[in-house]
Each structure stands twice: as structure tokens, then as C-alpha cells.
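Along the sequence shown, the residues carry numbers beginning at 1. Because the structure is a prediction, the values reported are computed rather than measured.
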Amino acid sequence: MLKTLLLAIVFLLTGVALLSVGIWIRKGGKFPNIHVGKNPAMRKRGIGCVETQDAQARMENPMAVRER
């Protein structure tokens, strides 16, 4: 049981290390930005980030008519 757990941890650590080799080797390397709001193709289609859209929807509208 313990042997299997240690083997699984070694495999996971090896996988993470291999996935990040490109980031370590490249000068100024960083993780790719996969945020929807930063993607030019998505912006061109008018698709935005859910968090940004939610924040915009929660902003108070200065043109709104006040109810009693």
C-alpha cells in the first residue's frame, strides 16, 4: 500500500516537472494565459469573462430610474 502511494507521488511529481520544463528553459518563461478576456479571438466574437460580465452587471446604472 505504502509502496503504491509513493510510486503514485513519484509519477505525479515527474509529470509536473516535465510539463514545466518549457517554462524553466525559456528566458522570461511563464505559464500561458488562458483567460477568456485576454483571448483576441474571443474578444472579436464579443465573448467575455464571466467574472468581468458579473462585475459589470452589478455596477450601479446612473441612468436608472429610482423606484419608490
Side-chain angles (χ1 to χ4, degrees):
M1 175 76 171
L2 183 61
K3 194 175 183 181
T4 306
L5 181 63
L6 289 174
L7 187 62
I9 291 172
V10 168
F11 278 136
L12 285 173
L13 291 176
T14 304
V16 169
L18 289 174
L19 287 171
S20 58
V21 164
I23 296 168
W24 292 336
I25 292 175
R26 256 182 278 166
K27 187 174 185 174
K30 49 185 160 176
F31 286 103
N33 187 359
I34 56 172
H35 197 267
V36 174
K38 303 282 185 184
N39 188 327
M42 295 295 233
R43 279 190 279 159
K44 186 177 179 182
R45 293 183 179 129
I47 300 172
C49 173
V50 173
E51 293 175 359
T52 305
Q53 289 176 349
D54 184 48
Q56 289 173 345
R58 291 174 185 264
M59 287 176 48
E60 189 172 333
N61 184 355
M63 304 299 283
V65 176
R66 300 272 184 226
E67 294 185 26
R68 290 186 181 191

Apart from M1 itself, residues in the same hydrophobic cluster as defined by side-chain heavy atoms under 4.5 Å: none
Show me the donor-acceptor pairs, under 3.5 Å and distance only, between side chains in residues 5-23 and residues at least two apart or in other chains.
{"unit_1": "T14", "atom_1": "OG1", "unit_2": "V10", "atom_2": "O", "d": "2.7"}
{"unit_1": "S20", "atom_1": "OG", "unit_2": "V16", "atom_2": "O", "d": "3.0"}
{"unit_1": "S20", "atom_1": "OG", "unit_2": "A17", "atom_2": "O", "d": "3.2"}

Inter- and intrachain pairs under salt bridge (Lys or Arg N to Asp or Glu O under 4.0 Å), touching residues 41-50, at least two apart: none
